[in-house]
A.B. asks: 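Input: one structure, supplied below.
Treat the numbers as computed from the prediction; the structure is a model and nothing was measured. These values consider heavy atoms only, across backbone and side chains, with no hydrogens, waters or symmetry-generated copies. Chain letters run A, B, ... following the sequence lines, proteins first and then strands; every chain starts at 1.
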Amino acid sequence: MATIDELYANKIILNAVLPLVKVVVEDKKNLAKAFKGKNVKIQISAVDSSGKVATHFDIQDGLWTVVKGTTEKPDLELEFPSITAFNNFFSGKSKKLPRIKGWYKIELLFGTLKSLMAMGNLLSLKKPPNKTEDKELLVKLFFYLLSSGISQLNKAEHPDVSKWAKRSPDRIYAWGVIGKPGLSAYIRVKAGNTKAARGEYTRSKPFFTMRFDSVDSALGILLQIDNMIEATMKSRIIMEGAPEYGAQIGEFMTLVGVYVS
Amino acid sequence: MAGLTYTMIDTANLSTSELYGKVLCDLGEKHPEIVGLSADLAKSTKIGLFGDKFPERFFNVGIAEQNMFGMAAGMAKAGLVPFASTFAIFTSMLETANAVQAAYETPGPVYIRINRGFDQKLYESTEYGFEIGKAVQMADGTDLTIIACGSCVFQALEAAKILDSVDGIKARVLNIHTIKPIDREAILKAVHETRRIITVEDHNVIGGLGSAVAEVMAESGKACAFKRLGIPDVFSIIGLHEDLMAFYKIDTNGILENVRELMGRDFEADENWDDEV
């Protein structure tokens, strides 16, 4: 039986981390090649006492769609025996491979594992990658992960996050890098509901934006290399909005990091 | 007296009409072309101070406001600078001083509304950047904007403080002291940045600040949650200024009640709460 903290971590991995595979595949041509023209369904799941939890990828003509929950007949399935085993594998605590259904579809299996590893390698970096495009991709992945991770914690009724969301009027919290709108992400919060979304929020100015002056500055904070106070003083990170709300969202960002590490 | 938050000691500091009369006297000394007109309200509107100082340049037309403005227009056409005073309600003390000064410096007719009595102090000096047609941002916030004028600006600021400390709501407060020309830029910025606008005026909600703000928004094509607070389209009841403000919900508590209601309104049609993947 998974603990409540394992369930929170599982929600984040299933619905905030695994969807990032699609982002990585769409960004890396060598990964996308393995799925070109394919119509397949790939499922990653864990068996729980109350059933099976999963996220699956519906690939049509090589284009990926992430679907939360299970699908009945996946072409390939990585099935973990428990939520604990699932969490440990994706947080890097265990290298124990899951049961692989459809293993004989070698090309699909290799392509899937390669994509999962590419995402895992990027997210587990301790220092920024060398290539500019990898730096930008990593910032984008972090922004997507953090916005979705906070939203998933609310949906899983994490006490601190759901208390914050319940008390909130309709507000937008955003993350961005100056001059790089394609990396942005945001979360909408309203009376107990949350929704993570990608790109810039353009309907109005968000209630709060954590904006970085460059991709390097963003990675300095996201990879926990730089000091937050020093970065703020040097305007490498700009808090647009009330500082106390910046501190609050910062705490939730850390919380997401704790659950996935 | 029930409802009053001012004391007699405050009144010397707060009377807007007293200040109006004083500034007009100062301007009268420097500018001989200034003349004063009253519709039998010289004492109440304090233009009588000007009349006492410059009796040859002061005209009491009797209870005939339309005639007063007709005469004023003729005098202006002849090269004089007439100040015609009657009752309406507006503005704070130091704002009054700035408005009277700006009126002299502005070509063409200028209509200024000031309070008969006294208002709370909003500024420490006249040097706060008063400019005809330019709003003054009194507080910043990104949850909603309270746009107010005259005596309601103080109430809006008090409401903003309570909203911050009690509700955690960050309200921007704009003092739009000039209804015409109105500060379109400040209004549209507020629409974009806060998405919720509430106007507060000590005036009928038709044809005043709320209407002017609504016109700017409608022409821009930008939508937002919007509410006008002021005197509804009825014959107003009679009473003390503060009691009337409470009755028509344009005091601090009334603004709080309406802001809380406005914050609950949806501004986005999308009610799909699934995270984007």
Side-chain angles (χ1 to χ4, degrees), chain A residues 11-12 14-23 55 57 64-69 144-145 147-152 154-155 164-165 167-173 185-199 201-209 240-245 248, chain B residues 137 139-146 159-174 185-198 217 220-227 256-277:
Chain A
K11 271 270 190 187
I12 295 174
L14 275 174
N15 300 325
V17 176
L18 287 178
L20 301 178
V21 179
K22 176 192 170 191
V23 183
T55 288
F57 306 107
W64 287 53
T65 303
V66 181
V67 187
K68 289 168 194 162
Y144 290 0
L145 167 60
S147 53
S148 299
I150 294 169
S151 183
Q152 285 299 314
N154 176 53
K155 288 173 167 71
W164 163 76
R167 290 173 57 180
S168 177
D170 205 343
R171 283 174 173 161
I172 302 290
Y173 293 80
Y186 64 88
I187 181 171
R188 182 182 171 202
V189 191
K190 183 193 159 191
N193 292 313
T194 50
K195 178 179 185 168
R198 297 166 179 187
Y201 186 77
T202 52
R203 288 177 66 97
S204 74
K205 184 180 177 181
F207 173 72
F208 181 87
T209 303
E240 294 175 7
E244 64 266 38
Y245 291 88
Q248 177 71 84
Chain B
Q137 186 172 301
D140 198 13
T142 47
D143 269 327
L144 91 157
T145 302
I146 307 171
K161 286 180 203 161
I162 294 168
L163 287 167
D164 189 6
S165 60
V166 177
D167 304 72
I169 292 170
K170 301 288 179 186
R172 180 177 300 180
V173 177
L174 288 181
E185 194 184 336
I187 294 167
L188 293 178
K189 189 167 179 275
V191 170
H192 176 67
E193 294 186 353
T194 70
R195 297 175 295 183
R196 299 179 189 89
I197 304 277
I198 192 160
M217 291 194 302
S220 76
K222 308 274 184 203
C224 76
F226 179 61
K227 187 154 196 177
L256 286 172
E257 182 185 324
N258 281 284
V259 165
R260 286 169 181 147
E261 186 270 324
L262 196 71
M263 288 303 293
R265 280 202 214 163
D266 292 338
F267 61 80
E268 200 167 318
D270 181 12
E271 289 299 317
N272 169 11
W273 292 100
D274 283 341
D275 294 334
E276 189 182 335
V277 283

A.B. asks: Tell me, side chain or backbone of T209(A) under 4.5 Å from chain B's heavy atoms, or both, or neither?
C.D. replies: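 For T209(A), there is no contact with chain B at all, as no heavy atom is under 4.5 Å.
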A.B. asks: So that I can tick it off, tell me whether D275(B) and K155(A) are bridged by a salt bridge, with the cut-off set at under 4.0 angstrom between side-chain N and carboxylate O.
C.D. replies: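 Judged by the 4.0 Å cut-off on N to carboxylate O distance, K155(A) and D275(B) do form a salt bridge.
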A.B. asks: Does any backbone or side-chain atom of E240(A) lie under 4.5 Å from a heavy atom of chain B? Answer side chain, backbone, both or neither.
C.D. replies: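 Neither; nothing under 4.5 Å.
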A.B. asks: May I ask you to check if R171(A) and F208(A) form a cation-pi contact, with NZ or CZ under 6.0 angstrom from the six-membered ring centre and within 45° of the axis?
C.D. replies: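 No, R171(A) does not sit over the ring of F208(A).
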A.B. asks: At a heavy-atom separation under 4.5 Å, does S151(A) approach chain B through its side chain, its backbone, both, or neither?
C.D. replies: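 The answer is both parts of S151(A).
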A.B. asks: Tell me, for Y144(A) versus chain B, whether the close heavy atoms (under 4.5 Å) come from the side chain, the backbone, both or neither.
C.D. replies: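 For Y144(A), there is no contact with chain B at all, as no heavy atom is under 4.5 Å.
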A.B. asks: Below 4.0 angstrom, N of the basic side chain to O of the carboxylate: do E276(B) and R188(A) qualify?
C.D. replies: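 Result for this pair is no, no salt bridge flagged.
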A.B. asks: Out of T194(B), D143(B), N272(B), return the one with the most heavy atom pairs under 4.5 angstrom to chain A.
C.D. replies: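 Counting heavy-atom pairs under 4.5 Å, the top option is D143(B).
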A.B. asks: Which heavy atom of P19(A) sits nearest to which heavy atom of N15(A), and what is that distance?
C.D. replies: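 Smallest interatomic distance, heavy atoms only, reads CG-O, 3.4 Å.
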A.B. asks: Name the member of T142(B), D164(B), D274(B) that forms the most heavy-atom pairs with chain A at distances under 4.5 Å.
C.D. replies: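 Answer, by heavy-atom pair count under 4.5 Å with chain A: T142(B).
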A.B. asks: Which pair of heavy atoms, one from C224(B) and one from M217(B), lies closest together, and at what distance?
C.D. replies: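 For C224(B) versus M217(B), the nearest heavy atoms are SG-SD, 3.6 Å.
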